[in-house]
Amino acid sequence: METTATSLKWAILLLANRPDIQDKAYKEIEDVLCSASFSYQDLKKLPYTNAVIHEIQRSKYPFLFGVPRQTAKDVTIRGFLIPKGTICALFFLIQSTGNLLKSSIQNIFLDQDGHFVAREEYLAFGGGARICLGEHLARMEFFIFLVNLMRAFHFQLPPGVKELNEEPVAAVTTPPHPYKVCAVPRCSSS
Ligand code: HEM
């Protein structure tokens, strides 16, 4: 729950700071989803929204150091010996900047025709035998909660606030600092 809640807090903050991205994703959602109810399968029809979701979790990863592991035996990777007992944390390659980037949405997660691109390097949930057991639940929850929230509200900065703080609180998980945002109800028929 902590990881998904942290990702949702970041999503609302980042979308409030970037109304152009929020509006584009909202338009895609309303154009594609015909009724109020939708399912996780609908994510396939929403490439831009899917790219935004991935970029939110890439740029504001909910863990400080992933989930630490310990090598059970000596391991050699590209000539480097990692002795038995070394504490390791997984860092995934494309998590190289803490800023949500419009260019990453366009260039990393979408192809030239606007189709979503699943990247091998995107290891937000780890990989191999110890991959996150909650990955599918977390992906579904994040998509369904976020899209429902975006359909119900337009997230705006409070009057007089130019930008919400995007520095994370450095703990085991990395939530944003507490913030206030205006959730303006949308006048949608759905
Ligand atoms: C945004 C949400 C989440 C993220 C980013 C995330 C990420 C991760 C990562 C990186 C690992 C370590 C994988 C590895 O070492 O290769 C992990 C492990 C794990 N996660 Fe998640 N997780 C999330 C949500 C959840 C949820 C919702 C659950 C359960 C309902 C869950 C249950 C677990 C468990 C049980 C493990 C340990 C698996 C093992 O050691 O075999 N996670 N998670």
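Start at 1 with the first residue, then count along the sequence. All values below come from the heavy atoms of this structure, side chains included, with hydrogens, waters and symmetry mates left out. Every number for a ligand or one of its atoms is a count from 1 in the order of the listing.
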Under 4.0 Å to a heavy atom of L137 - the qualifying atoms of ligand 1, by number: 30 (C)
For residues 41-53, which side-chain N or O atoms pair as donor and acceptor with protein atoms under 3.5 Å away, sequence neighbours left out?
from, atom 1, to, atom 2, distance (Å)
Q41, OE1, K44, NZ, 2.9
D42, OD1, K45, NZ, 2.8
D42, OD2, S39, N, 2.8
T49, OG1, E28, OE1, 2.6
N50, OD1, H54, ND1, 3.1

Close side-chain approach of E2 and V172, heavy atoms under 4.5 Å: no
Element-labelled atoms of ligand 1 that are located less than 4.0 Å from some non-hydrogen atom of Y61: 10 (C)
Option of least heavy-atom distance to atom 9 (C) of ligand 1 (set: V67, I131, T173): V67
Side-chain heavy atoms of W10 within contact of P168, under 4.5 Å: yes
pair L81-D74: side-chain heavy atoms closer than 4.5 Å: yes
Atoms in ligand 1 flagged as close to A124, the criterion being non-hydrogen separation under 4.0 Å: 5 (C), 7 (C), 10 (C)
Validation row: K60, T174 side chains within 4.5 angstrom (heavy atoms): no
Any F63 heavy atom less than 4.0 Å to ligand 1: yes
G128 to ligand 1, any heavy atom closer than 4.0 Å: no
Check: Q57 N/O within less than 3.5 Å of ligand 1 N/O: no
C132, A5, S7: member with heavy atom nearest to atom 17 (C) of ligand 1: C132
Distance-only N or O hit between ligand 1 and R130, under 3.5 Å: yes
Those atoms of ligand 1 less than 4.0 Å from some heavy atom in G127: 16 (O)
Let me have the donor-acceptor pairs involving side chains of residues 152-159, under 3.5 Å, with sequence neighbours excluded, atom names and distances please.
from, atom 1, to, atom 2, distance (Å)
H154, ND1, Q156, NE2, 2.9
H154, NE2, D23, OD1, 3.4

Shared hydrophobic cluster for L146 and Y40 (ILVMFWY, side-chain gaps under 4.5 Å): yes
Numbering as shown, the atoms of ligand 1 that approach G126 to under 4.0 Å (heavy-atom distance): 10 (C), 13 (C), 14 (C), 16 (O)
Cation-pi, F109 ring and R58 (6.0 angstrom, 45 degrees): no
For ligand 1, the portion of M1 having any non-hydrogen atom under 4.0 Å away: neither
